[in-house]
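Here is the naming used below: chain letters follow the sequence lines, and residue numbers restart at 1 for every chain.
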Amino acid sequence: MADDRKLTPQGEDFATWYNEVVQRAELADYSPVRGSMVIRPWGYGIWENMQRALDAMFKETGHENAYFPLLIPMSFIEKEKEHVEGFAPELAVVTQAGGKELEEPYVIRPTSETIIYSMYAKWVQSYRDLPVLLNQWANVVRWEMRTRLFLRTAEFLWQEGHTAHATAEEAEEETLLILGIYRKFMEEWIGMPPLTGLKSESEKFAGAVRSYCCEALMKDNKALQAGTSHFLGQNFSRQFDLKFQSEEGQEEYAWNTSWGVSTRLVGGMVMTHGDDQGVVVPPRLAPVQAVIVPILKGDDAAVLEKTDQVAARLKDLGVRVKVDARDNLNPGAKYYEWERKGVPFRVEIGPKDIEKGQLALARRLAPEGEKRKAFLPEDEAIGTLPERLEAFQSELLEAAVARREANTVRGVTSVDELSEALDSGAGFVYTGWNGEEAVEEAVKERTKATIRCLPGEEFRSPEAPTRCVSGSGDSVAEVVWARAY
RNA sequence: CGGGGCGUAGCGCAGCCCGGUUAGCGCGCCUGCUUUGGGAGCAGGAGGUCCCCGGUUCAAAUCCGGGCGCCCCGACCA
């Protein structure tokens with residue numbers, strides 16, 4: 001159980017650090033299935049807390065959960081041209097069942113637009129049936145060439161929202177509503193502040209008219225696409241005959257949106273806050289917010305009794321606590337283990353503390369120059385823990401925002417300058433763009449960076465760029481470049 | 001799919017080039033005792049299809065052929 005090796009430092013090899021920390025913090029492990037991982041209880045607990053928070057936000061805004069089949073008829077996927085082109089290379093297909101060849105193969109869903117809109121077509125006749133606002137929590141399979149724990153796995157867990165509306169304006173509004181929810185969730189729960197904006201034509205979802213996205217900057221200065229919200233127009237409704245009769249009696253195709261975030265967010269959390277000691281889990285997501293370690297030296301019964309008392313009092317205050325009373329590990333070994341897993345606070349209780357009516361309270365991270373561990377009067381330590389957890393939560397967000405800003409370069413006007421900025425460690429680089437795909441390709445070829453998004457208004461530079469970074473043509477939009485996961 | 005690396009006890013590795021006893025080491029695990037405020041100590045013990053299939057040989061972890069999987073770089077990819 002004890003694991004006394006140090007992690008590969010982030011600065012030495014970030015990718016190796018990531019693989020080690022995910023496994024050794026017991027977030028996930030490799031499985032016998034190629035490219036598929038097992039999400040272990042610690043990682044799954046974090047995902048469950050993400051789910052709970054997001055689910056509540058979806059429901060507050062009028063969405064309901066439903067569930068659609070895992071298997072989708074091949075012909076459904078093939079109906080929308082760009083959709084099938086986008087997903088064909090990574091489909092897993094079922095051709096046999098019940099010992100017989102199937103008449104029509106089934107695809108294991110890579111995403112569910114097709115089967116969901118085919119059902120909406122049955123349920124919607126009138127504008128009075130709109131909007132339809134459904135979400136499903138599900139697993140999907142995409143046969144990726146190269147997989148990485150949480151970031152890109154062949155099978156992953158996600159939520160996918162699918163809505164149908166009577167007007168384009170309403171659908172667009174929905175797309176942006178969800179983008180806002182994603183952003184709020186990432187900031188307030190993960191402490192991972194994303195840039196939000198629009199995808200370029202080449203990066204948008206296969207089958208969408210427009211894709212909005214959340215792009216977060218990881219500690220190695222690579223961008224992670226953390227969530228997307230798509231305006232699908234009538235692309236799918238036309239293929240699946242999703243029509244309704246309008247108030248004026250006209251037959252019209254519905255307007256759709258789809259949006260999703262996945263277990264990739266757990267990887268984003270790791271790469272946003274983790275350090276050389278391990279993962280750091282934001283308090284709101286932590287399955288255990290405070291671990292209590294009893295220091296046993298002879299007077300065990302008294303210490304264990306006090307430990308249980310403190311645990312009960314913290315639980316009453318709404319703190320998720322765990323008592324680690326294992327007797328085969330030294331306290332130090334437990335500290336390292338819980339720090340690697342990223343528990344925000346640790347409480348130590350020993351005979352000396354009982355004598356003095358105090359507790360030792362240690363933070364997973366402390367602000368510059370502050371000690372991580374403090375001895376506090378028992379009542380104070382317990383009573384202030386909820387607010388300390390909230391403070392910890394906001395400090396994580398503040399640190400992540402500061403890191404993003406420190407690694408952002410604006411006003412870049414040439415590809416040379418862009419390339420130089422990226423090579424000297426910049427994360428997000430802002431430039432002008434003439435809207436041509438050829439520029440994206442040329443820059444990608446040279447720098448490995450892609451347009452992560454056309455940033456939303458509040459992220460744009462005070463002065464809009466006038467010329468394209470390529471040097472040819474006026475800028476039609478400011479864009480953000482980064483090397484991405 | 002191209003290039004590179006790797007696969008030997010739960011984990012990390014040595015042994016392989018140059019075939020030859022019961023296949024080793026560290027950590028972990030089990031039992032006991034002593035410990036416990038930053039990765040405990042001693043003693044005893046358990047644990048192996050040497051990734052898989054085939055070939056060469058009196059004899060294969062080791063040599064040869066094929067396959068599978070993992071990691072890194074690239075290509076590909078919401």
Side-chain angles (χ1 to χ4, degrees), chain A residues 1-8 13-16 18-20 23-24 29-37 82-83 85-91 110-111 113 140 142-149 151-154 156 158 160 199-208 210-215 223-230 232 258-262 264 277-278 293-300 303 324-340 346-356 358-362 372-373 375 444-445 448 450 452-453 484-485:
Chain A
M1 206 45 112
D3 173 356
D4 62 358
R5 285 166 299 146
K6 286 206 161 95
L7 292 164
T8 297
D13 181 346
F14 195 84
T16 299
Y18 179 80
N19 285 328
E20 286 180 2
Q23 290 175 87
R24 292 178 47 204
D29 202 355
Y30 293 107
S31 80
V33 182
R34 193 207 79 106
S36 298
M37 64 176 179
E82 287 186 15
H83 193 61
E85 279 172 12
F87 284 104
E90 47 190 71
L91 292 179
T111 180
E113 277 78 5
V140 291
R142 299 180 185 181
W143 213 253
E144 301 285 357
M145 295 287 233
R146 196 167 148 205
T147 57
R148 299 197 60 190
L149 295 169
L151 302 176
R152 180 174 288 104
T153 46
F156 57 91
W158 76 343
E160 48 179 328
K199 280 293 183 195
S200 69
E201 202 52 26
S202 67
E203 294 270 331
K204 76 172 190 191
F205 176 69
R210 279 192 289 284
S211 290
Y212 293 92
C213 63
C214 294
E215 293 283 328
L224 182 74
Q225 180 172 298
T228 46
S229 180
H230 313 290
L232 303 174
S258 71
W259 27 276
V261 295
S262 71
R264 173 181 266 198
Q277 278 62 57
V293 179
I295 310 297
L296 307 169
K297 10 176 137 172
D299 199 7
D300 296 3
V303 170
D324 185 353
R326 289 176 293 179
D327 64 0
N328 58 329
L329 291 181
N330 272 349
K334 295 179 187 177
Y335 302 164
Y336 280 104
E337 181 176 324
W338 290 109
E339 281 170 11
R340 190 161 52 239
R346 177 179 76 238
V347 178
E348 301 167 19
I349 303 177
K352 279 186 224 157
D353 302 308
I354 295 178
E355 224 170 85
K356 297 183 189 168
Q358 68 178 22
L359 300 177
L361 186 62
R372 294 200 312 168
K373 186 157 142 181
F375 292 88
K444 186 180 179 184
E445 176 78 15
K448 294 179 199 162
T450 49
R452 299 323 300 160
C453 72
Y485 274 96

Between [N] atom [atom2] and [X] atom [atom1], what is the distance in whole Å?
X	N	atom1	atom2	result
A:Gln23	B:rG10	CD	P	16 Å
A:Asn328	B:rG32	CG	P	13 Å
A:Ile349	B:rG37	CD1	C1'	13 Å
A:Glu337	B:rA40	CD	C1'	16 Å
A:Tyr336	B:rC27	OH	P	18 Å
A:Asp29	B:rG10	CG	C1'	11 Å
A:Leu361	B:rG37	CG	P	19 Å
A:Leu329	B:rG39	CG	C1'	9 Å

Do we see a donor-acceptor contact under 3.5 Å between the side chains of [X] and [Y]?
X	Y	result
A:Thr450	A:Arg452	yes
A:His230	A:Ser211	yes
A:Gln277	A:Tyr336	no

Point to revise | Lys NZ or Arg CZ of A:Arg148 over A:Tyr485 ring: under 6.0 Å, within 45° | key: no

Review point. Quick one: is the NZ or CZ of A:Arg152 closer than 6.0 Å to the six-membered ring centre of A:Trp143, and within 45° of its axis?
Key: no

Who pairs with [N] - Watson-Crick or G-U, where each distance is under 3.5 Å:
N	answer
B:rG38	none
B:rG24	B:rC13
B:rC70	B:rG5
B:rG19	none
B:rA43	B:rU31
B:rC76	none

Exercise for review: Check whether any side-chain heavy atom of A:Lys199 sits under 4.5 Å from a side-chain heavy atom of A:Gln225, and report yes or no.
Suggested key: yes

Review point. Ring stacking, A:Tyr335 with base of B:rG38, under 5.5 Å and under 30°?
Key: no

Revision key, fill the gap. Per-nt protein contacts along nucleotides 71-78 of chain B (heavy atom under 4.0 Å; B base, S backbone sugar-phosphate only, - none) come out as SSBBBBBB

Revision key, fill the gap. A correct 5'-to-3' footprint of nucleotides 2-9 of chain B, with B, S and - meaning base, sugar-phosphate only and no protein heavy atom under 4.0 Å, is --------

Exercise for review: Report the C-alpha separation of A:Glu348 and A:Arg346 in whole Å, then their side-chain angles, then the decisive distance to 0.1 Å, and conclude whether the salt bridge (charged side-chain N to carboxylate O under 4.0 Å, His left out) test is met.
Suggested key: CA-CA 7 Å; A:Glu348 301 167 19; A:Arg346 177 179 76 238; 2.9 Å; yes

Check your understanding: With a 4.0 Å cut-off on heavy atoms, is A:Glu215 in touch with a base, just the backbone sugar-phosphate, or nothing at all?
Key -> nothing

Practice item. Have a look at A:Lys334 and say if it touches a base, only the backbone sugar-phosphate, or nothing, with a 4.0 Å heavy-atom cut-off. Key: nothing

Review point. Any idea which heavy atoms bring A:Leu91 and A:Pro110 closest together, and the distance?
Key: CD2-CG, 3.5 Å

Under the 3.5 Å rule, do the base of [N] and the side chain of [X] count as making a donor-acceptor pair?
X	N	result
A:Glu348	B:rG38	no
A:Lys297	B:rG37	yes
A:Asn330	B:rG37	no

Practice item. Using the P atoms only, state how far B:rG66 lies from B:rG4, rounded to an integer number of Å. Key: 15 Å

Review point. From A:Leu7 CG over to A:Gln23 CD, what is the distance, rounded to the nearest 0.5 angstrom?
Key: 11.0 Å

Study note, to complete from the structure: Taken to the nearest 0.5 Å, the spacing of A:Tyr18 OH from A:Leu149 CG works out to 6.0 Å

Exercise for review: Evaluate whether atom NZ of A:Lys356 has more than 12 neighbouring non-hydrogen atoms of other residues, nucleotides or ligands under 6.0 angstrom away.
Suggested key: no

